[in-house]
Amino acid sequence: MSTFTNRVYAMVCRVPHGRVVSYGGIAALLGHPRAARGVGQALHALPDGADVPWWRVVNRNGEISIRGAMPGPQLQRALLEGEGVEFGGNGRIDWRRFGWDGQWEGRA
DNA sequence: ATAATGACTGAAT
DNA sequence: AATTCAGCCATTA
């Protein structure tokens, strides 16, 4: 795996419990503000069993961005709800409430 | 090294 | 506000 991918994983691990972040957000925090897609690719290649909370990463719309047919989108949503993240009727997450800026990592 | 793909985003319609 | 088009990046063939 490349250094970039490794960095993505590290950043995703920094996302606080019960909070979500966009691909572009991760990319920006890594210093690659336009590598949102690269982040997506990195998470896509993420091996099962990895201690990386990939489910805390959603698209800019605050919605599950996974196109896969199966236990992808559904699983992610379940995991997020399990952490206290609420989904709107449209299936979107209130960014103002659960959006993570990349600062305070779980402490006010 | 070139071309194609994809868990993205922002601007335009 | 929702949908469509084009641009960007990293990875894989």
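Quick note on labels: first sequence line is chain A, next is B, and so on, each numbered from 1.
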Positions of residues 80-98 of chain A (non-hydrogen atom under 4.0 Å from DNA chain B), listed by number: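 Result for residues 80-98 of chain A: none.
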Rounded off to whole Å, could you give me the [atom1]-to-[atom2] distance for the [X] and [N] pair?
| X | N | atom1 | atom2 | value |
| --- | --- | --- | --- | --- |
| A:Y9 | B:dA7 | OH | C1' | 11 Å |
| A:H44 | B:dA7 | NE2 | C1' | 8 Å |
| A:I64 | B:dC8 | CD1 | P | 12 Å |
| A:Q41 | B:dC8 | CD | P | 8 Å |
| A:R56 | B:dA7 | CZ | C1' | 17 Å |
| A:L79 | B:dA7 | CG | P | 19 Å |
| A:L43 | C:dA10 | CG | C1' | 12 Å |

Contact list (N/O, under 3.5 angstrom) for nucleotides 9-13 of chain B vs protein:
unit_1 : atom_1 : unit_2 : atom_2 : d
B:dT9  : OP1    : A:Y23  : N      : 3.2
B:dT9  : OP1    : A:G24  : N      : 3.1
B:dT9  : OP1    : A:R60  : N      : 3.4
B:dT9  : OP2    : A:R60  : N      : 2.8

Show me, pair by pair, the donor-acceptor contacts under 3.5 angstrom made by side chains of residues 48-61 of chain A, not counting sequence neighbours?
unit_1 : atom_1 : unit_2 : atom_2 : d
A:W55  : NE1    : A:E83  : OE2    : 3.3
A:R56  : NE     : A:E83  : OE1    : 2.9
A:R56  : NH1    : A:V15  : O      : 2.6
A:R56  : NH2    : A:E83  : OE1    : 3.4
A:R56  : NH2    : A:E83  : OE2    : 3.0
A:N59  : OD1    : A:N61  : N      : 2.8
A:N59  : OD1    : A:G62  : N      : 3.0
A:N59  : OD1    : A:E63  : N      : 2.9
A:N59  : ND2    : A:E63  : O      : 3.2

Heavy-atom pair of closest approach, residues [X] and [Y]:
| X | Y | result |
| --- | --- | --- |
| A:F4 | A:A35 | CZ-CB, 3.7 Å |
| A:Y23 | A:A36 | CB-O, 3.7 Å |
| A:I64 | A:R77 | CD1-N, 4.2 Å |

Quick check: do [X] and [Y] have side-chain heavy atoms less than 4.5 Å from each other?
| X | Y | answer |
| --- | --- | --- |
| A:Q76 | A:I66 | yes |
| A:Y9 | A:L46 | yes |
| A:F87 | A:E81 | yes |

Sort out for me which residue in A:T5, A:I26, A:V21, A:V12 forms a side-chain contact (heavy atoms from CB on, under 4.5 Å) with A:V39.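 Output: one option passes, namely A:I26.
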Would you indicate, yes or no, if C:dA10 has its OP1 or OP2 atom less than 4.0 angstrom from a side-chain nitrogen or oxygen of A:H32?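 For A:H32, the contact criterion (side-chain N or O under 4.0 Å from OP1 or OP2 of C:dA10) is met.
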If only atom types and distance count, is the side chain of A:N90 paired as donor or acceptor with the main-chain N or O of A:R92 below 3.5 Å?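 Pair found, side chain donor or acceptor close to backbone of A:R92.
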